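Just so we're on the same page: letters track the sequence lines, and every chain starts at 1. Given the structure is predicted, the values throughout are model-derived calculations rather than measurements.
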4 protein chains.
Amino acid sequence: MAPLNEEQLHQIRDDRKVQIKHVALKVFAKYGINGTKMSMIAKEAGVSQGLFYRYFKSKDELFMMLIQEAMEESVSSIEKIYSLSVPPKEKIRTLTEVILDDGGKYYFMLIHQAHTSSGVSEKTKQLLEQYPLKLYIDLLLPLFREGQRVGEIVEGDLEEMISSYLSILSGVMVINSQENSFYQIPKVDLLMRILTKS
Amino acid sequence: MAPLNEEQLHQIRDDRKVQIKHVALKVFAKYGINGTKMSMIAKEAGVSQGLFYRYFKSKDELFMMLIQEAMEESVSSIEKIYSLSVPPKEKIRTLTEVILDDGGKYYFMLIHQAHTSSGVSEKTKQLLEQYPLKLYIDLLLPLFREGQRVGEIVEGDLEEMISSYLSILSGVMVINSQENSFYQIPKVDLLMRILTKS
Amino acid sequence: MAPLNEEQLHQIRDDRKVQIKHVALKVFAKYGINGTKMSMIAKEAGVSQGLFYRYFKSKDELFMMLIQEAMEESVSSIEKIYSLSVPPKEKIRTLTEVILDDGGKYYFMLIHQAHTSSGVSEKTKQLLEQYPLKLYIDLLLPLFREGQRVGEIVEGDLEEMISSYLSILSGVMVINSQENSFYQIPKVDLLMRILTKS
Amino acid sequence: MAPLNEEQLHQIRDDRKVQIKHVALKVFAKYGINGTKMSMIAKEAGVSQGLFYRYFKSKDELFMMLIQEAMEESVSSIEKIYSLSVPPKEKIRTLTEVILDDGGKYYFMLIHQAHTSSGVSEKTKQLLEQYPLKLYIDLLLPLFREGQRVGEIVEGDLEEMISSYLSILSGVMVINSQENSFYQIPKVDLLMRILTKS
DNA sequence: TATGAATGAGAGTTCATTCAT
DNA sequence: GATGAATGAACTCTCATTCAT
């Protein structure tokens, strides 16, 4: 067998990085940075602890990377909603579903963990400041305003409503982790009642 | 100088215990058991780390103690609501306010932390199992049923509705911690919309 | 470079375990569980303190493990004596030599330490109770009785004699530790005079 | 009531010191310096931990004081034996009894603890060196030599015999502590057999 | 590249000693 | 003088990271 060429090696490297990140996202989301031990990530990802450090500089660096992605992804999810050609209420419902499904869930949980963990690095804190709640509110404002205009969204202060909506979604995500059945995720319809008329 | 008499000593001991517990509740609620370092509690409470151990056997023991109190308190809050002579909707609103205010908030956050932390002791896990979600649902069922009967609460499966309501409240509490203004607590009126008609 | 194969790793692990146990036996025997600091064992064994915990769960667990071995070994030493085809007096002399030599010495010292240390774990106490002095007396009784029968052992209450013999041996072991020349181990002949005629 | 005069106060002070020393001797003898906690001594002596430090500079100072006394006492016990008007064998028997009784026992155990404890101060070590085994041997040599001369003591190297005798006595003392019935103190007659002719 | 043994900094905990009363 | 609350250094143990193979 011919040895792998450089590109193939690069491919393997990248695959492995993605694989580790995928696993780490779930573990960090569930247990936070303090509750997550390197041994957990290594074991779940099926690599040795030593190998981990060939792909990432440190636990903290990986955590930060994931936060970064989570934030970018969340912004991009919102932006994508605008391109759907359905009424505002339907857009919001779709966004809600996206957030609640497996793709979005872990990212939300992770961001929460970042906000509430002790011992996160200064760099991570700076990163978090780059995506304040206000940014999300501003992104959603046009959509909600349109909703009010066409009479699908209840009257009231929009900034407050969006903020509450996001807080509730985040909260619902955060308290939910698969192995633990103490809480359960509310149905989308129920959540929509917060925002919509009758 | 005469040594302190028994009553004074008792007073000091009680004060310290309360003071440490008060601080620890907030720190544990915010950072969980893994994220909370003994140095944080000691510093925040203004005592040396060593002194902590004259009042509590271990970090874990205090955590458990607080969980215990949190659970008892939460059940008792619910029970108290029934004695109010107001319509069901008002009772639920009052309960919601109690949960969201400073007294209830930390207890809810703490229970959440206990459910989602890795490395909690076996004893703590057993404690958590004594207060499953079902217990809270059963406590609230009569109240919500009465609400439906008098037409104040929307139609629909009650167990699911209560479970969702509790999950949302928990979530909202959990993502909220004072020093951090990323999220904000929704107004009670907004939350009530999940449950009530028009 | 290729990583070590499974056999090599196993070898390393075994070697380390033996090495640490060997060192710990001597240190525990000399200083007891309270007087022995983890730093002593680590330094003496030439490993870091951290590494110790990859091989043993805790200081207490290792102490207990060694006690267990010491007790099994001591019983088996006695049992082996019976298979020698020499007169009773010679058997006792051989046993005495075995106990006094380097192999047996540390085990005896360790058992003594366990019996006289404050702060040994409840588990360790239970372990000690499984090997009461009576058990050793019963094991030796046939040998000493035979000795009396053939006129090699002095007349007198055998249980008391064996108990005294063991106490003296233990005592002699205990007060003896290599770096410290205050006491010296008596010659076997001298000790035999306690038991034997002329 | 008139306030106590200076002499009375001095008397109280001295009584208390003796009382604490008496208690500490037993505890140190049993558990060693590492196994003995200040709380044990304070509790047993019925004083507060704080008060202890009005009487003694430190735990180590008290330990050292007791060692000093133990050594002086042991030498003086031996010297006193010579003034008895009985044959050598009887003198030795008496000495043996003195050592084995409650007065001597704790002192012997304490000296043993000092010799085998980690973490004893440099000062304590120096103290121990002032009373080497050789000193005791030299003190006993005339007595044993006389015993050999009148045919009461077995032939053989006297230094070795005395050294063994002392080691055995020490050992027997050391392994014996009241609450623990694993070992038992041999009868004096049995011990004398080591030294004396049939 | 890949492994897991090895390290060391830092966490939780204990306890001799000091201090306020 | 007397008390026990309070401190801090030292101990046991954990775990992110490095290293030898």
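Salt bridge B/Glu69/B/Lys21: present, at least one basic N to carboxylate O contact under 4.0 Å.
Look at B/Tyr53 and you'll find a side-chain N or O under 4.0 angstrom from OP1 or OP2 of E/dT13. One finds no side-chain N or O of A/Arg54 lying less than 4.0 angstrom from the OP1 or OP2 phosphate oxygen of E/dA2. In this structure, A/Arg16 reaches the E/dA2 phosphate: one of its side-chain N or O atoms is under 4.0 Å from OP1 or OP2.
Atom NE2 of C/His112 sits about 10.5 Å away from atom CG of C/Leu110, to the nearest 0.5 Å. Rounded to the nearest 0.5 Å, atoms OH (C/Tyr31) and CD (C/Gln113) are 11.0 Å apart.
Ranking F/dT17, E/dA16, F/dG4 by closeness to the D/Lys37 side chain, first place goes to E/dA16. If you check E/dT13, E/dA6, F/dT3 against the side chain of D/Leu51, the one that comes closest is F/dT3. Checking F/dA5, E/dC15, F/dT18 against the side-chain heavy atoms of B/Tyr55 singles out F/dA5 as nearest. Side-chain atoms of B/Met38 lie closest to E/dG12 of the nucleotides E/dG12, E/dA5, F/dT7.
Across the protein-nucleic acid pair, C/Asn5 atom CG and E/dT1 atom P stand 21 Å apart, rounded to whole Å. Protein atom CZ of C/Phe52 is 14 Å distant from nucleotide atom P of E/dT7, rounded to whole Å. Remark: C1' of F/dC19 and CD1 of C/Ile12 are 12 Å apart, rounded to the nearest angstrom. Atom CG of B/Asn34 is separated from atom C1' of E/dG12 by 13 Å (rounded to the nearest Å). Across the protein-nucleic acid pair, B/Gln49 atom CD and F/dC11 atom C1' stand 14 Å apart, rounded to whole Å. Atom-to-atom, CD of B/Gln8 to P of E/dC19 comes out at 21 Å; the value is rounded to the nearest Å. To the nearest angstrom, P of F/dT14 lies 10 Å from NZ of C/Lys57. Atom CG of B/Leu62 is separated from atom C1' of E/dT13 by 14 Å (rounded to the nearest Å).
DNA chain E is contacted by both A/Val47 and C/Val47; A/Val47 maps to the nucleotide lying nearer its 5′ end (nearest heavy atom per residue). In this structure, B/Gly50 and C/His10 both approach DNA chain E, and ranking their closest nucleotides by distance from the 5' end singles out C/His10. Between B/Leu9 and C/Asp60, it is B/Leu9 whose nearest contact on DNA chain F lies nearer the 5' terminus.
The environment of CD in B/Glu44 is sparse: at most 12 heavy-atom neighbours from other residues, nucleotides or ligands sit within 6.0 Å.
Shown here for C/Val23 and C/Ile41, the closest heavy-atom pair between the two residues is CG1-O, 3.8 Å.
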